[in-house]
Amino acid sequence: MQEPSFLRDKLLPVGTVIVLLIALWYVAAVFLNAPFERDTAARAGTEITFSEIVRNTMAQERPVLPAPHQVIAEIWNTTVNKAITSKRSLIYHAWITLSATLLGFGIGAALGILLAVGIVHNRAMDRSLMPWVIASQTIPILAIAPMIIVVLNAVGISGLLPKALISTYLSFFPVVVGMVKGLRSPETIQLDLMHTYNASSAQTFWKLRWPSSMPYLFTSLKVAVAISLVGAIVGELPTGAVAGLGARLLAGSYYGQTVQIWAALFMAAALAAVLVMIVGFAHTAVLKRMGAKP
Amino acid sequence: MNLPILAAAIIFWLTAWAFNEWLVRQTFQSEAAKSAARFAVPLIFGVTILVLWEGIVRGFSVPSVLLPAPSMIWHKLINSLPTLGADFRQTFLKAVLSGYALGCGLGFAVAILIDRSPFLQKGLLPLGNFVSALPVIGVAPIMVMWFGFDWQSKVAVVVIMTFFPMLVNTVAGLAAASHMERDLMRTYAASWWQTLVKLRLPAAWPFIFNALKINSTLALIGAIVAEFFGTPIVGMGFRISTEVGRMNVDMVWAEIAVAAVAGSAFYGVVALIERAVTFWHPSIRGGRA
C-alpha cells in the first residue's frame with residue numbers, strides 16, 4: 001500500500017475536476033448566450049463571426065448563463081468596492097442571513113440536545129416522540145416557511161426571529177436523531193461498570209453518556225448548520241423580504257439579473273462551506289482535548 | 001376564552017399521557033399485544049397533539065389567521081379536493097416523481113461510470129460531499145429562467161438536488177464489499193460485470209437506499225420551493241404562497257397536510273422496497289441474538 005499523499009490523492013484529482021467544470025461552464029456560457037447575440041446581429045442586419053460571438057457572450061449584461069469571471073467580478077464589486085453598511089453590499093446581505101442562521105442553529109441545537117436527553121431518559125417520551133421525530137423528517141418543512149414568516153409578521157414579530165425559527169425547526173431534527181444515537185452509544189458493559197460504581201444517573205450522564213456522544217453530536221451539527229442556512233435563505237423568499245441572500249435571489253429572478261443571482265449563490269455556498277468548516281474544526285479540537293487519536 | 005373546551009383538552013392530554021406511561025411499563029405475553037402497544041403509543045401521542053391543538057385554538061379563541069383548528073383544516077381539505085388534487089398532480093406526479101427518477105438514475109449511472117477510475121472518484125467525491133452541504137435550492141430561480149415556469153424547471157431543480165446524495169452514497173456503497181469477498185470473486189474468475197452485479201451492487205443496496213430515502217424528502221422540498229420563483233397557476237408551492245398572501249391560512253394548512261401525507265407515503269414506499277431488497281441486512285432482520 002502506498003502512503004496517501006496530499007498532492008496525488010487530493011489536490012490533483014479535485015483540481016482537475018474543478019478545472020474541467022470551469023471549462024465546461026465557459027463552453028456552456030458561449031452556447032447558451034449565443035442565440036441572443038445572433039438575434040441582435042440579425043436585427044441590426046449585420047453578419048457576426050464566431051469569434052465575435054465568443055467575445056460578446058463573455059460580457060453580456062443579462063446573460064442566460066454568466067461566465068465565471070463575470071460572477072467573480074460581481075462578487076468583487078459588491079463586497080470589496082461597496083461600504084459594508086450599503087444596501088448593495090453582498091456582505092451586508094450575507095450578514096443578515098448569517099445572523100438568522102446562527103440564531104436558529106443555536107436554538108435548534110440546544111432544543112435538539114434537550115429533547116434527546118429527554119428521549120434517552122424517559123421511556124414514554126422515547127416511545128411516543130421518536131416515531132414522530134422521524135416521521136416529521138419526511139415532511140417538507142420548508143413548505144411551511146413562508147406561512148410562518150407571514151403569520152408571525154401578522155402578529156407583529158418580524159425581523160430576525162421568524163427566519164431563525166425556520167432554521168431552528170430544520171436544524172433540531174438532525175441533532176435529536178444524532179444525539180439519541182450518541183447518548184445510547186455507550187455499551188452495556190460500560191453502563192454496567194458505572195452501575196457497579198454506584199453512579200447516579202446524573203453522573204452516568206456527565207461522565208459516560210455525554211462524552212461518548214460527542215462524535216455523533218458534531219456530525220449532526222454539521223448537517224444542522226448547513227440546513228439552517230438553507231432555512232434562513234428560504235425564509236427570506238416570501239413576503240418580499242428586503243435584505244438577505246434569499247431576497248437577493250428573489251430580486252435577481254424578478255428583474256432578470258442573472259449575474260446577481262449567481263453572485264448571491266456563490267456567497268451562500270461560501271458561507272455554507274465556512275460554517276461547516278468551523279464546526280469541523282470544533283469537532284477536531286474537542287476530540288483532541290478528549291484524547292482521541294487524530 | 002372558552003374554559004370548558006380548554007379544560008377538556010388538557011384533561012384528555014393528561015389522561016392520554018398517563019395511559020401512555022402505563023402502556024410502556026406493561027409487559028405483554030403475546031407478540032400481537034406487544035406490537036399493538038408499540039403501534040398505539042405514538043398514535044395516542046399524535047391524537048393527543050391534535051386534541052390539544054384544537055382545545056387551545058378554541059379555548060383561547062386564537063384567530064384562525066394565526067392558527068386554524070385541525071377540524072377547520074379537515075373541513076377545508078374535504079371541500080377543496082379538486083384543487084388539491086390538481087396541485088398534487090402538478091407538483092408531485094409531474095415534477096417530483098420524474099425529477100426524482102432522473103436525478104437518482106443519473107447519480108447512480110455516474111457512480112457506476114466513474115467506478116473504474118479512482119482518479120475521477122477522488123476528484124468527484126469531495127466535491128459531491130461539499131455540494132451536499134450547499135444551499136442547492138438557490139439554483140431554483142436560474143432553473144425557472146432556463147426551463148420556463150412549468151414543471152420542467154422544477155424537474156431540473158429536483159434532479160440537481162437529488163443527484164449528489166445519490167452519487168456519493170453509491171460510490172461509498174460500491175466500496176462496501178470487503179477485500180475477502182472480492183478476492184473470492186477473483187478466484188471464481190468473475191469478470192468486472194459479474195463482480196458488480198453479484199457482489200458489489202447487493203452490498204451497496206443499503207447505501208443506495210439511504211440516498212433514495214434522503215432524496216424522497218429533498219425532492220418534494222425542491223419542487224415546492226422552486227414554485228415560489230414562478231409557476232403556472234397550479235401547484236402546491238404556488239397554492240401555499242398565494243393563499244398565504246390572501247390570508248387563507250386554513251387552505252395553506254390543508255396543502256401542507258397533503259404534502260406531509262405525500263412525503264411520508266413516498267418515504268414509506270421507499271422504506272418498504274428497502275425491506276424487501278435488503279432483507280439480509282442486520283438492521284432489517286432484527287437483532288435477536
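By convention in this document, chain letters (A, B, ...) are assigned in the order of the sequence lines, proteins followed by strands, and residues within each chain are numbered from 1. Predicted model, so just to flag it, every value in this text is computed and none were measured.
- Around atom CH2 of W53(B), more than 12 heavy atoms belonging to other residues, nucleotides or ligands sit under 6.0 Å away.
- Contact count against chain A (heavy-atom pairs under 4.5 Å) is highest for W146(B) among F266(B), W22(B), W146(B).
- Counted within 6.0 Å of CD1 on I189(A), heavy atoms from surrounding residues, nucleotides or ligands total 12 or fewer; the atom is thus considered open.
- Residues satisfying the side chain to side chain contact (heavy atoms under 4.5 Å, CB included) criterion with F266(A), sequence neighbours excluded, are W25(A), V71(A), I75(A), W262(A).
- For V139(B), the parts lying near chain A are the backbone and the side chain together; criterion is any non-hydrogen pair under 4.5 Å.
- Rounded to the nearest 0.5 angstrom, I227(A) CD1 and I221(B) CD1 are separated by 6.5 Å.
- Residues T258(A) and I142(B) are not in side-chain contact: their nearest non-hydrogen atoms beyond the backbone lie 4.5 Å or more apart.
- Nearest heavy atoms, P126(B) versus V14(A): CG-CG2, 3.7 Å.
- The two atoms that bring M145(B) and I261(A) nearest to each other are CE-CD1, 3.7 Å, heavy atoms only.
- Interface residue L124(B): backbone and side-chain heavy atoms are both found under 4.5 Å from chain A.
- Using a 4.5 Å cut-off between heavy atoms, L21(A) touches chain B through its side chain atoms alone.
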